[in-house]
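Letters go in sequence order (proteins before strands), and every chain restarts at 1. Keep in mind it's a predicted model, so treat the numbers as computed, not measured. What you see below is based on every heavy atom in this structure, not just the backbone, and it leaves out hydrogens, waters and symmetry mates.
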Amino acid sequence: MTVRTRFAPSPTGYLHLGGLRTALYTYLYARKSGGNFILRIEDTDQEREIPGAVDKIYESMKQAGLSYDEGPDVGGDYGPYIQSQRKSMYLPYAKQLVETGHAYYCFCTKEKLDADREKAEKEGRAYKYEKDCMHLSKEEIEEKLAAGIPYVIRQNIPTEGKAGFDDVLYGRVEVDCSTLDDNVLIKADGLPTYNFANVIDDHTMGITHVMRGTEYLSSAPKYNLLYEAFGWQPPMYVHLPPVMREDYRRDKMTKEIIPDENGNPELIVRKLSKRYGDPSFEDLLDAGYLKDAVINFIALLGWSPRGEREFFSLKELEEIFDLEGISKAPSLFDMKKLAWFNAEYVKKLSPEEYMPIAEKWLRKAIDTEKFDVKRICELLQPRTEVFSQLPEMVDFLAEMPEFESDLYTHKKMKTNPEVALDALVKIKPVLEAIEDWSEAALHDAVMNAVAEFGMKNGQMLWPLRIAISGKANTPGGAFEIAYLLGKDETLKRLNSSIERLKA
RNA sequence: GACCUCUUGGUCAAGUGGUUAAGACAUCGCCCUUUCACGGCGGUAACACGGGUUCGAAUCCCGUAGAGGUCGCCA
């Protein structure tokens with residue numbers, strides 16, 4: 001049997017990282033099994049649909065490198081791949097269930113249902129639809145239908161017995177039917193709900209493995225009842241735990257931190273969500289994360305290859321991915337580890353690959369025409385964690401920042417403003433005398449002078465770097481910075497720093 | 001509240017009855033060094049709790065606690 005998996009997002013926004021991981025695992029499993037990976041758009045809720053979201057999904061899938069064999073924009077033998085375009089397919093199946101007693105027409109108004117729900121809540125019990133309309137006679141139903149009264153079709157869940165399903169990860173999951181509600185299958189607008197569409201589509205598209213979030217774990221028994229009612233073979237289910245994030249408890253609307261009873265911020269774990277500002281896949285790419293690093297990191301968040309190796313390309317993942325390595329517990333998204341992964345991937349880039357990416361970011365801070373960008377990139381590459389940090393790492397090259405003279409104080413280097421002034425005054429003529437302004441020449445001239453003066457390296461080099469950069473940390477030491485700035489600018493900065501120390 | 005699920009260091013995680021309970025990130029310390037970083041070396045740190053079963057339990061069973069999910073004409 002050929003494995004067929006599907007990623008079925010609804011077009012309600014961007015591809016969040018949890019969604020990306022689901023898509024990735026679904027893709028990897030299909031590839032590993034030599035099967036097909038299908039993209040299906042679940043847009044049965046026209047009210048929530050966001051214009052352009054479908055294109056964003058295509059774009060993100062493309063950027064992530066998750067190519068699908070069938071989908072709305074690539075075609076396939078099981079189309080259409082957009083649920084709203086399959087609208088006419090669902091009602092006949094629903095009617096079939098009505099015929100066999102597994103579903104029924106319901107004419108209850110939204111107002112009635114809301115009132116019932118409210119009442120249930122007041123009484124502190126779980127709301128459940130009480131099958132009011134199931135007892136309508138065939139004549140009554142015909143009459144109402146003929147009169148054009150809006151209706152929905154509900155699943156008729158048995159009042160007793162158990163319902164369950166088998167999950168690859170969780171094993172057999174079973175619940176009492178009495179705890180299940182008669183879900184709406186076909187909405188008043190004629191479109192199916194997710195509860196119905198996923199079953200019909202997965203079956204008619206020949207999906208063999210359904211991978212989705214654990215939020216569907218509690219409704220899966222109902223779906224299995226549907227498969228049974230149709231006499232269909234249910235797919236293999238693989239429910240994936242969510243990706244979480246640690247954060248302070250915040251107000252849903254204002255995003256402000258809600259303190260606990262003692263007035264302290266309360267640390268909680270919640271699902272990754274755009275609403276609270278968590279980054280989407282695209283956000284990460286825009287912020288200067290490498291696609292491969294993100295994929296690698298996400299793959300390992302909730303799945304383990306059970307070895308010590310942790311760097312994998314998408315191709316390699318396609319070969320070694322397996323369902324057994326997926327963990328059942330939710331995992332926390334750790335920005336620091338992602339940053340580390342990214343730094344490692346950046347280091348592996350060839351200089352030719354690194355430079356164009358870096359240059360784009362450098363331009364935000366400096367005029368790249370005026371500097372030896374190649375040299376800057378050499379210095380920057382081993383220090384790049386995320387590309388978006390680059391501008392602030394080089395901004396001092398464009399303009400000398402204001403700084404406090406206590407920057408000259410460094411315990412280990414045995415320097416302070418007085419030592420610095422002395423060193424700077426002494427080194428000034430040495431620098432002025434250098435004709436060939438290269439790092440090597442700078443190095444030789446200064447080091448010779450230091451030896452001559454009988455100083456420690458740090459007592460000269462630390463102040464010099466501070467005097468011309470104005471920053472405690474720079475990508476490179478005094479010689480590299482001086483070289484990058486050029487002789488004129490270096491001496492100009494040196495002079496002004498000396499004057500400031502004298503004042 | 002009801003139902004479902006989960007629980008190894010701060011985080012990601014290996015581990016499937018007998019291990020000194022891996023590894024990675026983070027953190028701390030040391031070395032390298034003209035800063036930071038890179039690199040190297042080392043340290044701190046975990047089986048949620050309580051009962052069983054067993055010669056022996058992180059691993060099996062039962063409770064408890066905590067966490068997550070669901071309870072929509074949303075997916």
Side-chain angles (χ1 to χ4, degrees), chain A residues 8-10 12 42-45 47-48 106 108 110 113-114 117 120-121 124-128 150-154 167 169-170 173-176 178-181 183-189 191-195 197-198 212-221 239 241-242 244 246 268-271 297 300-310 325 327-341 343 347 379-385 393 410 412-413 443 446-447 450 456-466 469 471-481:
Chain A
S10 57
T12 51
E42 311 226 324
D43 63 342
T44 56
D45 184 3
E47 283 175 28
R48 285 213 315 169
C106 172
C108 291
K110 212 157 191 158
L113 299 175
D114 287 345
R117 244 189 289 273
E121 194 178 335
R125 61 186 165 82
Y127 168 77
K128 201 178 150 187
Y151 68 93
V152 300
I153 294 179
R154 282 180 187 274
D167 186 279
L169 261 35
Y170 295 93
V173 178
E174 223 162 47
V175 292
D176 283 325
S178 60
T179 64
L180 267 21
D181 199 9
N183 278 143
V184 169
L185 264 23
I186 300 287
K187 299 186 275 187
D189 64 6
L191 282 166
T193 58
Y194 171 85
N195 299 313
N198 91 84
R212 50 152 77 125
T214 48
E215 63 265 32
Y216 297 106
L217 216 45
S218 2
S219 34
H239 287 92
M244 313 294 282
E246 198 169 54
I268 55 157
V269 171
R270 34 149 268 251
K271 212 165 154 179
F297 171 69
L300 262 25
L301 195 60
W303 173 77
S304 166
R306 280 143 299 163
E308 298 202 348
R309 185 171 163 202
E310 55 188 344
S327 71
K328 289 190 273 192
S331 36
L332 246 46
F333 177 75
D334 181 5
M335 213 58 186
K336 284 199 175 137
K337 185 132 190 187
L338 204 215
W340 176 79
F341 258 110
K347 271 176 236 161
L379 293 167
L380 245 25
Q381 187 166 359
R383 297 157 219 257
T384 306
E385 197 167 52
M393 289 169 81
H410 190 287
K412 213 175 134 202
M413 297 297 132
H443 177 272
V446 174
M447 292 313 257
V450 168
K456 288 183 68 83
N457 292 348
Q459 290 179 300
M460 173 59 76
L461 299 170
W462 174 273
L464 179 55
R465 193 180 57 83
I466 298 298
S469 73
K471 285 182 116 177
N473 302 330
T474 53
F479 306 132
E480 289 86 355
I481 302 305

**Prompt:** What integer number of Å spans the P atoms of B/U44 and B/A21?
**Reply:** 14 Å
**Fill in**
Applying side chain to side chain contact (heavy atoms under 4.5 Å, CB included) to A/Pro382 and not counting sequence neighbours gives none
**Request:** For B/G63 and B/C28, measure between their C1' atoms and round to the nearest Å.
**Result:** 40 Å
**Asked** How many Å lie between NZ on A/Lys271 and P on B/A67, as a whole number?
**Response** 18 Å
**Request:** Sugar-phosphate atoms are those with a prime plus P, OP1 and OP2; base atoms are the rest. Using that split, label each nucleotide of nucleotides 27-38 of chain B B, S or - for protein heavy atoms under 4.0 Å, 5' to 3'.
**Result:** ------BBBBSS
**Prompt:** Pick one: which of A/Leu185, A/Val152, A/Val184, A/Ile186 meets side chain to side chain contact (heavy atoms under 4.5 Å, CB included) with A/Cys106?
**Reply:** A/Val152
**Item:** Considering all heavy atoms, the nearest A/Lys271-A/Pro242 contact
**Value:** CG-CB, 4.1 Å
**Request:** Report the residues that fulfil salt bridge (charged side-chain N to carboxylate O under 4.0 Å, His left out) with A/Asp167, sequence neighbours left out, ordered by chain and then residue number.
**Result:** none
**Message:** Need the pair for B/A48. Rule: Watson-Crick or G-U wobble, both distances under 3.5 Å, any strand; none if unpaired.
**Reply:** B/U64
**Request:** Measure the shortest side-chain to side-chain distance between A/Asn198 and A/Arg212 over non-hydrogen atoms and say whether it is less than 4.5 angstrom.
**Result:** yes
**Message:** From CZ of A/Arg309 over to C1' of B/A24, roughly how many Å is that when rounded to an integer?
**Reply:** 14 Å
Strictly under 3.5 Å: I want the nitrogen or oxygen pairs between protein and nucleotides 57-60 of chain B, one per line.
none

**Request:** Taking salt bridge (charged side-chain N to carboxylate O under 4.0 Å, His left out) as the test, write out the residues that go with A/Arg270, two or more places apart.
**Result:** A/Asp247, A/Asp278
**Asked** Which whole-number value in Å describes the distance from A/Glu308 CD to B/G15 P?
**Response** 12 Å
**Message:** Run the ring-ring contact (aromatic ring centres under 6.0 Å, His included) test against A/His239 and tell me which residues pass, sequence neighbours left out.
**Reply:** A/Phe165, A/Tyr237
**Span that lies between the C1' atom of B/A57 and that of B/G15, in whole angstrom** = 13 Å
**Request:** Determine the interatomic distance between C1' on B/U11 and the same-named atom on B/U16; round to the nearest Å.
**Result:** 24 Å
**Request:** With P as the reference atom in both, quote the distance from B/A22 to B/C47 in angstrom, rounded to an integer.
**Result:** 13 Å
**Asked** How is A/Val269 classified with respect to the nucleic acid when contacts are heavy atoms under 4.0 Å: base, sugar-phosphate, or nothing?
**Response** sugar-phosphate
**Complete:** To the nearest angstrom, the CD-P distance between A/Glu310 and B/A24 comes to 8 Å
Contact list (N/O, under 3.5 angstrom) for nucleotides 73-75 of chain B vs protein:
residue	atom	partner	partner atom	Å
B/C73	O2	A/Ala188	N	2.7
B/C73	N4	A/Cys108	O	3.3
B/C74	OP2	A/Lys187	NZ	2.8
B/C74	O2'	A/Asp45	OD2	3.2
B/C74	O2'	A/Arg48	NE	3.4
B/C74	O2'	A/Arg48	NH2	3.4
B/A75	OP1	A/Thr44	OG1	2.4
B/A75	OP1	A/Asp45	N	3.4
B/A75	OP1	A/Lys187	NZ	3.2
B/A75	OP2	A/Tyr194	N	2.9
B/A75	O3'	A/Glu42	OE1	2.9
B/A75	N3	A/Tyr216	OH	3.1

**Message:** Using only atom types and a distance under 3.5 Å, with no angle test, would you say the side chain of A/Tyr170 pairs donor to acceptor with the backbone of A/Lys328?
**Reply:** yes
**Request:** Kindly write out the residues that satisfy salt bridge (charged side-chain N to carboxylate O under 4.0 Å, His left out) with A/Lys187, not counting sequence neighbours, or none if the list is empty.
**Result:** none
**Distance, C1' atom - from B/G72 to B/A67, rounded to whole angstrom** = 25 Å
**Item:** A/Ser304: side chain to side chain contact (heavy atoms under 4.5 Å, CB included) partners, not counting sequence neighbours
**Value:** A/Arg306
**Complete:** Applying the 3.5 Å cut-off to both distances, the Watson-Crick or G-U partner of B/U70 turns out to be B/A2
**Prompt:** With sequence neighbours left out, what residues match A/Ser218 under side-chain hydrogen bond (donor to acceptor under 3.5 Å, both in side chains)?
**Reply:** none
**Asked** Once each nucleotide of nucleotides 2-12 of chain B is scored for protein heavy atoms under 4.0 Å, what B/S/- sequence comes out, 5' to 3'?
**Response** -SSSSS---SS
**Request:** Looking at every strand, decide which applies to A/Met460 at a 4.0 Å heavy-atom threshold: base, sugar-phosphate, or nothing.
**Result:** nothing
**Request:** Look up atom CD in A/Glu480 and atom CZ in A/Arg465, then write down how far apart they are to the nearest 0.5 Å.
**Result:** 10.0 Å
**Inter-nucleotide P distance (B/G18, B/C60), Å rounded** = 12 Å
**Item:** Qualifying residues under salt bridge (charged side-chain N to carboxylate O under 4.0 Å, His left out), relative to A/Glu174, sequence neighbours excluded
**Value:** A/Arg172
**Item:** Pairing partner of B/G29 (Watson-Crick or G-U wobble, both distances under 3.5 Å)
**Value:** B/C41
**Item:** Geometric class of the A/Phe333/A/Phe297 ring pair [parallel <30°, tilted 30-60°, perpendicular >60°]
**Value:** perpendicular
**Inter-nucleotide P distance (B/A37, B/C30), Å rounded** = 13 Å
**Paired nucleotide for B/G9 [Watson-Crick or G-U wobble; both distances under 3.5 Å]** = none
**Prompt:** Taking side chain as C-beta onward, heavy atoms only, is A/Leu300 less than 4.5 Å from A/Pro305?
**Reply:** yes
**Message:** Can you tell me the base-pairing partner of B/U53? Count Watson-Crick or G-U wobble geometry only, both distances below 3.5 Å, and say none if there is no partner.
**Reply:** none
